[in-house]
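Note sheet for the following structure.
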Amino acid sequence: MGNVISSQQANRPAQEKDFLSDKVEHFTESVIREMTRQATLYGAVNLAQGFPDFAAPEEIKQAARSAIEKDVNQYAITWGAKSLRNAIARQMGVWQGISVDAEKEVTVCCGSTEAMISTLLALCNGGDEVVIFEPFYENYGPDSVLSGARPRFVRLHPPMEENGEWTFDEQELRRAFDRHTKAIILNTPNNPTGKVFTRAELSLIRDLCLEFDVLAITDEIYEHILYDGRKHISMASLDGMRERTVTINGMSKTYSVTGWRVGWAVAPEKITNAIRKVHDFLTVGAPAPLQEAGAAALSLPKAYYAQLAEGYRTRRDRLIPALQAAGFRCFRPRGAYYLMTDISSLGFANDVEFVNYLVKDVGVAAVPGSSFYRRAQDGARQVRFAFCKKPETLDAAAQKLAKLRHG
Ligand code: GLN
């Protein structure tokens, strides 16, 4: 799998004592974050890692400055500042009709990344299995290794034509569930495919969770980034799922503050207590003044979210033709801010060779598709571009990409 190494590769001669844990021998550093370093090294336009290169909303920057001025500079309550937990609980009611107890069901973490690993560490024992749709956001691989869980992958198939949807096979999904299954990890809107799971698909997953007595851990960080009339549906809002769902979200993508590291997990009380214990000893707490700014962010008017999505729609529609003109096949995303492409017609041996050429010789950084698959060959024809960038950044990338066709 992208950044997870097989045990064969991990076997080292006994005499080479290196003091490292077996766990870290089973995955590599993130390829996504490595591509950002490569972009800096070669001075390339960075369409690899998913972070905006434009300003965060003034209101929330002001809220952060003001919290620091007011000396909110010491540890917040371990599981999150009350103001932010209240705002999270309130907004889950407003957006998804889910009622949440801010005192008992919310844990604020250092980004949704920490929320996910804390959740898995709190829930998984060695031998437990977690079902993951593939291609998947690369963190879920190492997250599984670190928590001792064994991933079972279910394939998302790309659409036949640009406007189609990524789909999965119902029977394949069913076969991934058995008595060892602890949870399914679901990311909707999805990174890297841009798929927004429909109510029918979520209901199918719900039925399996109930039948096999399994939890859903849902990464909903792109909740507000939706296109073409698609709607986000939280798994916890489906009948029977509130009691068996951990909903993960955060400030990073919705408010363009990926470096602030403020995310959260919402779960029933008993599960929350376990997540809070892990979170406490991993990080103690997320940055206190930025949590106050989070409470302000979650109070922005409805229009903010509509503008956010529309801004990303125009960026998507700017990048797609540029990629198509350069010879990529594009799969139009319905949510999130990534474009998965097929590079078959570009004449390269595989995705890694291609992105290396792209960053060094063309001047654009992207993420090789293999990072999102367990077996590298399954992603060898795919490359992901992030379009959470200023129009001029996308235009600069487009100009460079034109070189692919015209030499
Ligand atoms: N979600 C972002 C991406 O997929 C990166 C997040 C991160 O690097 N923590 O590019």
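Side chains are part of it too, since the values below use all heavy atoms of this structure and drop only hydrogens, waters and symmetry mates. Both counts, for ligands and for their atoms, begin at 1 and track the order of listing. This structure is a prediction, so every number in the text was calculated from the model and none was measured.
Using a 3.5 Å distance cut-off with no hydrogens or angles, the side chains of Glu220 and Ser234 do pair a donor with an acceptor. In summary, the side chains of Glu138 and Ser30 do present a donor paired with an acceptor at a separation below 3.5 Å, with no hydrogens or angles considered. When only modelled atom types and interatomic distance are considered, Tyr227 and Asp317 share no side-chain donor-acceptor pair under 3.5 Å. A donor-acceptor pair shorter than 3.5 Å can be found between the side chains of Tyr338 and Tyr222. Inspection of the Tyr304 and Glu59 side chains reveals no N or O donor paired with an N or O acceptor under 3.5 Å.
Arg85 places a side-chain N or O within donor-acceptor distance of the main-chain N or O of Gly80, the cut-off being under 3.5 Å.
Applying the side-chain contact (heavy atoms from CB on, under 4.5 Å) test between Phe387 and each of Thr393, Leu323, Ile320, Leu319 identifies Leu319 as the sole match.
With a 4.0 Å cut-off on non-hydrogen atoms, Lys253 touches ligand 1 through its side chain and not its backbone. Here Asn191 has side-chain heavy atoms under 4.0 Å from ligand 1, and that is the only part of it that gets that close.
In summary, the atoms of ligand 1 found under 4.0 Å from a heavy atom of Ile32, numbered by their order in the structure, are 3 (C), 4 (O), 10 (O). Using a 4.0 Å cut-off to heavy atoms of Tyr222, the atoms of ligand 1 that qualify are 1 (N). Near Gly50, with a cut-off below 4.0 Å to any heavy atom, the atoms of ligand 1 are 2 (C), 3 (C), 10 (O).
Summary of contacts: the protein heavy atom closest to atom 6 (C) of ligand 1 is Tyr137 OH, 3.1 Å. Remark: minimum distance from atom 7 (C) of ligand 1 to any protein heavy atom is reached at Arg33 NH1, 3.1 Å. The nearest protein atom to atom 3 (C) of ligand 1, hydrogens excluded, is given as Tyr338 OH, 3.2 Å; this is a heavy-atom distance.
Using a cut-off of 4.0 Å between Lys/Arg side-chain N and Asp/Glu carboxylate O, Arg37 and Glu34 are scored as salt-bridged.
Proximity of Glu138 to ligand 1 is not established, as no heavy-atom distance is less than 4.0 Å. Under a 4.0 Å heavy-atom criterion, Tyr337 is not in contact with ligand 1.
Looking at Arg384 next to ligand 1, an N or O pair under 3.5 Å apart turns up.
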